[in-house]
Protein chains: 2
Amino acid sequence: MRKPTIQDVARQAGVGVGTVSRVLNNHAAVKGVTRETVLKAIADLDYTPNPHARRIAGGKSYTISVLLPVLTTEFYVRLLDGLEHAFQEARYDVAIFPLLDRSRLERYLRSHTLAYQADGLVMATYNLTQLLTERQVRTQQPTVLVDAHAEDSDCAYMDNVTGGRMAGEYAVTLPGNLHAIWVETELDQLFTTRVFEERRAGFMEAVQAGGRQVKAEYTSSFDTLAARNVATALLDGAEFPCTVFASADLLAGVLLDEVQARGLTPGKDVYVIGFDDQPWAAARGLTTLHQPVEQMGYEGAQLLLTRLSGHRGPPRARRFEPRLVVRTSA
Amino acid sequence: MRKPTIQDVARQAGVGVGTVSRVLNNHAAVKGVTRETVLKAIADLDYTPNPHARRIAGGKSYTISVLLPVLTTEFYVRLLDGLEHAFQEARYDVAIFPLLDRSRLERYLRSHTLAYQADGLVMATYNLTQLLTERQVRTQQPTVLVDAHAEDSDCAYMDNVTGGRMAGEYAVTLPGNLHAIWVETELDQLFTTRVFEERRAGFMEAVQAGGRQVKAEYTSSFDTLAARNVATALLDGAEFPCTVFASADLLAGVLLDEVQARGLTPGKDVYVIGFDDQPWAAARGLTTLHQPVEQMGYEGAQLLLTRLSGHRGPPRARRFEPRLVVRTSA
DNA sequence: TTGTAGGCGTTATCAA
DNA sequence: TTGATAACGCCTACAA
């Protein structure tokens, strides 16, 4: 059976195709009753507009390309949720480009996606604008940075300095020496993020402002094995009670394991503050910083959408702040 | 500046649009000279066909949806490489749907992508056909399973039983007691894979055939921390020399760490066989099983492409075998 | 072997 | 506020 077209809907509703199209696109100038009739016809026929026809008639692709790092963590799932939510409301499709390494980026640049399949670009975490211009990629599409910050483009970013500061301000109220574990992001210079330096800057500032100092700092790469080695070293060299800021929940979780394995009690012998509020954090009672990631995605998308509907003007930045969630671990 | 269209190319080349279209689509009936002229015009104008116009004219989407689990591992990067390679040759676009959880699957099912944006479906690792039919999703698109096996659909799969057997056949030639580490895939019943049971079946069979037996079996979840705990337990309870089959390189890598941390020598005190041949495996001298993943993706794509060009007939299965790569660890 | 014309399902424009 | 109709860029007959 043939898919119903806009013609079928128009016939069924007893109106012209123009009217149907207007209803579809929320073009205000449709009388209430007519709109209802059309909507009913659409429902009756189970009509879905053909996006390809729309694209060619409209001269736009109604598609947004989202470039993001490997989807390993909860973070990007949530980010994508926010982005897709906003774009779907506006009847835009989302094309996901998982950027695993340079070669996949190359492929993306070569594909016709950029030329035809994207009215706009979302770049998450990594700011690749420089690369694109260097390559003389004719990407005059509006672009928004999400989870990254830059002066010269629209962006929605998490204020990690403030996040670090919040952790610090809370940490100085807790007993014992202060320790911190940072993440070393050992990446290609192209794929680089300053998230953890920023968290550190905020944390150190707050600690200093509180008249305290950090007894020992550790650095771990972003995997559980390295995290466990660091946790071991930290606990070996600590006196209890003490307080630890683990700048990512991954690290905090491993630390919690190690603490418990030694018969110590989180929130009593070792006060642990994490960062991220991963799904398991509540269950484990981890005090941590919750980031409004979906919101950041949603707002970032809105920034792009306004550009797409013609907004001019200087780059805008939307700043988001994490929120301290106090549980039993600290 | 307006993008050049097929009309522009035709004018420039002094031919009709039909001819240009034929050249674009390799419709044999074009004289050599004419083809050259057209090709030159295309190059001169830097013309790229508008895929959306093509889709509406052709009544097809020229897009394949690829449903795959989270892109965490090298495995899926390589799989995607193979798939994209094949589809690009055939001028198909690939839409990636990272299936992180049920809710994202739901969203995918609801989007118009299925209805309009996919001439075919690739499902990697997870066989979701049942779910789709249950949901009465009108997915009459040809579907191919990749890295999964089923009687009732085309599929390209890795023969993990044989892989396990290869590991077993080699392991029985090595000194000391035999140990094995399996992966526990604790997943939603929807997202389920039998990969590791299969590797185990093959391994056990070969060991038995070799008149040997496995001294101890361990199970780890798929993360480095769990892997390390298992490695520790295993080494604590082993006599040296011994031989260990770690059914995923992730596990093998952690085991190697632990072996070396204890001052033992891989390939002398502890013989380690992995599975996957991750990028780092060569550098660490890990003996492991290399899987022709790109090939599997490529062939799977071909299966789908033949269906798309009208092939009828019973489901076809393409089987792929891993290959033992002997290095210094065993 | 090639050119011409009609059609794909929308959106946009113009009258009415 | 609406309906008719011309684009949009391509593919595919069909005719030459």
Side-chain angles (χ1 to χ4, degrees), chain A residues 2-39 41-42 45-63 90-93 112 115-117 119 308-310, chain B residues 2-39 41-42 45-63 91-93 112 115-117 119 309-310:
Chain A
R2 216 178 91 267
K3 280 206 185 71
T5 74
I6 200 172
Q7 305 278 355
D8 300 324
V9 176
R11 198 175 313 118
Q12 170 99 358
V15 301
V17 292
T19 305
V20 179
S21 178
R22 266 161 248 154
V23 171
L24 249 25
N25 295 286
N26 298 318
H27 276 280
V30 181
K31 199 161 54 180
V33 202
T34 322
R35 152 172 270 107
E36 295 310 319
T37 324
V38 172
L39 255 19
I42 290 178
L45 294 173
D46 191 21
Y47 163 75
T48 314
N50 182 328
H52 308 302
R54 177 162 184 255
R55 296 193 233 267
I56 142 158
K60 308 206 293 168
S61 73
Y62 299 98
T63 300
R91 288 188 70 197
Y92 275 81
D93 267 3
H112 63 196
Y116 278 110
Q117 190 117 286
D119 294 331
L308 290 175
S309 51
Chain B
R2 215 179 91 268
K3 281 209 185 69
T5 74
I6 201 173
Q7 305 279 355
D8 300 324
V9 176
R11 199 175 311 119
Q12 170 97 0
V15 301
V17 291
T19 305
V20 178
S21 177
R22 266 161 244 149
V23 171
L24 249 26
N25 296 286
N26 297 316
H27 276 278
V30 181
K31 199 161 58 181
V33 203
T34 320
R35 153 171 268 108
E36 294 310 319
T37 325
V38 172
L39 256 19
I42 289 177
L45 295 173
D46 191 20
Y47 164 75
T48 314
N50 181 326
H52 308 303
R54 177 165 182 254
R55 296 193 233 266
I56 143 158
K60 308 207 294 167
S61 72
Y62 297 97
T63 300
R91 289 188 68 197
Y92 275 82
D93 267 3
H112 62 198
Y116 277 111
Q117 189 118 285
D119 294 331
S309 52

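Basis for what follows: all heavy atoms, side chains included, without hydrogens, waters or symmetry-related copies. Below, chain A is the first sequence line, B the second, and so on; all start at residue 1. Bear in mind the structure is a predicted one, so any value in this text is a computation, not a measurement.
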Let me check the geometry of the helix from C:dT1-D:dA16 to C:dA16-D:dT1. What is the bend angle between the axes at its two ends, five pairs each, to 10°?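 Overall, the helix from C:dT1-D:dA16 to C:dA16-D:dT1 bends by 40° from one end axis to the other.
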
Rounded to whole angstroms, how far apart are [atom1] on [X] and [atom2] on [N]?
X     : N      : atom1 : atom2 : answer
A:R11 : C:dG9  : CZ    : P     : 11 Å
B:I6  : D:dG9  : CD1   : C1'   : 8 Å
B:Q7  : D:dA7  : CD    : C1'   : 12 Å
A:K60 : C:dT10 : NZ    : P     : 17 Å
B:L45 : D:dG9  : CG    : C1'   : 15 Å
B:R55 : D:dT12 : CZ    : C1'   : 19 Å
B:H52 : D:dA7  : NE2   : C1'   : 17 Å
B:Y62 : C:dC8  : OH    : P     : 15 Å

Between protein and nucleotides 2-4 of chain D, what N or O pairs are separated by less than 3.5 Å?
{"unit_1": "D:dT2", "atom_1": "OP1", "unit_2": "A:T34", "atom_2": "OG1", "d": "2.2"}
{"unit_1": "D:dT2", "atom_1": "OP2", "unit_2": "A:K31", "atom_2": "N", "d": "2.9"}
{"unit_1": "D:dG3", "atom_1": "OP2", "unit_2": "A:G16", "atom_2": "N", "d": "2.8"}
{"unit_1": "D:dG3", "atom_1": "OP2", "unit_2": "A:T19", "atom_2": "OG1", "d": "2.5"}
{"unit_1": "D:dG3", "atom_1": "N7", "unit_2": "A:R22", "atom_2": "NH2", "d": "3.1"}
{"unit_1": "D:dG3", "atom_1": "O6", "unit_2": "A:R22", "atom_2": "NH2", "d": "2.9"}

Report the C-alpha distance between B:T63 and B:R55 in whole Å, list the side-chain angles of each, state the deciding distance to 0.1 Å, and finish with yes or no for side chain to side chain contact (heavy atoms under 4.5 Å, CB included). CA-CA 9 Å; B:T63 300; B:R55 296 193 233 266; 3.0 Å; yes

Checking side-chain hydrogen bond (donor to acceptor under 3.5 Å, both in side chains) for the pair A:N25/A:R91: CA distance, chi angles, key distance, verdict? CA-CA 9 Å; A:N25 295 286; A:R91 288 188 70 197; 2.9 Å; yes

About how many Å separate [atom2] of [Y] and [atom1] of [X], when rounded to the nearest 0.5 Å?
X     : Y     : atom1 : atom2 : result
A:K3  : A:N50 : NZ    : CG    : 7.5 Å
A:T34 : A:L39 : OG1   : CG    : 11.0 Å
A:T5  : A:D8  : OG1   : CG    : 4.0 Å

Between B:R54 and B:D93 (salt bridge meaning N to carboxylate O under 4.0 Å), is one present in this structure? no

side-chain hydrogen bond (donor to acceptor under 3.5 Å, both in side chains) partners for B:S61, two or more places apart: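 Partners of B:S61 by the side-chain hydrogen bond (donor to acceptor under 3.5 Å, both in side chains) criterion, ordered by chain and then number, come out as B:D119.
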
Which sits closer to the 5' end of DNA chain C, A:G58 or B:A53, going by the nucleotide each is nearest to? B:A53

Let me spell it out: for each of A:N50 and B:V33, pick the nucleotide of DNA chain C with the closest heavy atom. Which residue's pick is nearer the 5' end?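 Nearest-nucleotide comparison on DNA chain C picks B:V33.
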
Closest to side chain of B:P49, choosing from C:dT10, D:dG9, D:dC10: D:dC10

What verdict does the side chain to side chain contact (heavy atoms under 4.5 Å, CB included) test give for B:K60 and B:Y92, after you've listed the backbone C-alpha separation in whole Å, the side-chain angles of each residue and the deciding distance to 0.1 Å? CA-CA 10 Å; B:K60 308 207 294 167; B:Y92 275 82; 3.0 Å; yes

Counting any heavy atom closer than 4.0 Å, what does A:Y47 reach on the DNA or RNA strands: base, sugar-phosphate only, or nothing? sugar-phosphate

So B:S21, base contact, sugar-phosphate only, or nothing? Heavy-atom distance under 4.0 Å.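 Contact class for B:S21: base.
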
Is A:V38 close to A:R22 at the side-chain level, that is, under 4.5 Å between some pair of heavy atoms? no

Given D:dC11, is OP1 or OP2 found less than 4.0 Å from the side-chain N or O atoms of B:N25? yes

